> 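One structure, pasted below without further comment.
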Amino acid sequence: GQQVMQIPQYQHVQEGEDFTTYCNSSTTLSNIQWYKQRPGGHPVFLIQLVKSGEVKKQKRLTFQFGEAKKNSSLHITATQTTDVGTYFCAGPKSNYQLIWGAGTKLIIKP
Amino acid sequence: NAGVTQTPKFRVLKTGQSMTLLCAQDMNHEYMYWYRQDPGMGLRLIHYSVGEGTTAKGEVPDGYNVSRLKKQNFLLGLESAAPSQTSVYFCASSYGPRDIQYFGAGTRLSVL
């Protein structure tokens, strides 16, 4: 069946270092959404990418959608403590659902 | 504007007990979803609804039932709780099937 793989599961960084998470789908996606979940919180929508090769920026966050619309990435430049949390990608399935990646947990080393 | 509200926020059950989780949204969304979240497994869809009076099974529906009698409310029931149902449950809603999903704060359920 359709799968969305997200790597890595965890990433430990020093504050100020960069962070990247990758999302790979087994099928072509019409769009991809990214969400952030703070510790103890709930997923909150960040952005949606629709076009092949699309790149969008939100301050220090850069989102990319692959040319084949089967992969996507989120890159954070110069991480801050406010970036801590788990980042999820999600793509639509055929029957009204989203299929979710397992998430990448960003941990800032003390 | 409250968005998506879940009650209760925490609950402890004994094996075999039943309970109902309530989700209410005030955004006039057609689509509503119940997910469970377990460590390292992301979000798994339990049941969803594409409109008032309709429900459908998701990825992990066994042991759960749902009802959508009113457009703004989506109820998740556990008839006979099992320890494997210990999890965090999230409700979400969206305007359309591929639109942004808005989540409630979650219900943390422990089944002993």
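Computed from a predicted model, the values in this text were never measured in an experiment. Throughout, protein chains are lettered first and strands after them, A, B, ... in sequence-line order, and every chain is numbered starting at 1.
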> Please flag which part of B/Gln37 lies under 4.5 Å from any non-hydrogen atom of chain A: side chain, backbone, both or neither.
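For B/Gln37, side-chain heavy atoms alone lie under 4.5 Å from chain A.
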
> Under a 4.5 Å heavy-atom cut-off, does chain A meet the side chain of B/Tyr102, its backbone, both or neither?
neither

> A/Gln6 versus chain B, heavy atoms under 4.5 Å apart: side chain, backbone, both or neither?
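It is neither, since no heavy atom gets under 4.5 Å.
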
> Relative to chain B, which segment of A/Ser30 carries a heavy atom at a distance below 4.5 Å: side chain, backbone, both, or neither?
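Side chain of A/Ser30 only, per the 4.5 Å heavy-atom cut-off to chain B.
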
> Can you tell me if B/Gln25 uses its side chain to pair, donor with acceptor, with the backbone of B/His29 under 3.5 Å?
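The answer is yes, because a donor-acceptor pair under 3.5 Å joins these two groups.
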
> For B/Phe90, does its backbone N or O pair with a side-chain atom of B/Arg36 as donor and acceptor, under 3.5 Å?
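No; judged by distance alone, with no hydrogens or angles, the pair does not exist.
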
> Go through the atoms of B/Arg108 and report whether side chain, backbone, both or neither lie under 4.5 Å from a heavy atom of chain A.
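Side chain only.
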
> Quick check on the 6.0 Å ring-centre criterion: do B/Phe74 and B/Tyr48 meet it?
no

> What part of B/Phe103 gets within 4.5 angstrom of chain A, counting heavy atoms only: side chain, backbone, both, or neither?
both

> Could you look at B/Asp99 and say if it's the side chain, the backbone, both or neither that has a heavy atom under 4.5 Å from chain A?
backbone

> Judged by atom type as modelled, is there a donor-acceptor pair below 3.5 Å linking the side chain of B/Gln6 to the main-chain atoms of B/Cys91?
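Such a contact is found between B/Gln6 side chain and B/Cys91 backbone.
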
> Please confirm whether the ring centroid of A/Phe45 lies under 6.0 Å from the ring centroid of A/Tyr35.
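Yes: the rings meet the under 6.0 Å criterion.
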
> Select one option (side chain, backbone, both, neither) describing which atoms of B/Leu43 are under 4.5 Å from chain A's heavy atoms.
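The answer is both parts of B/Leu43.
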
> Who among A/Gly91, A/Pro43, A/Ala102 has the most heavy-atom pairs with chain B under 4.5 Å?
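Option with the greatest count: A/Pro43.
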
> Keeping the roles fixed (side chain from A/Ser52, backbone from A/Glu67), state whether a donor-acceptor pair exists under 3.5 Å.
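The answer is yes, because a donor-acceptor pair under 3.5 Å joins these two groups.
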
> Considering only NZ, NE, NH1 and NH2 on the basic side and carboxylate oxygens on the acidic side, decide whether B/Arg44 and B/Asp38 come within less than 4.0 Å.
yes

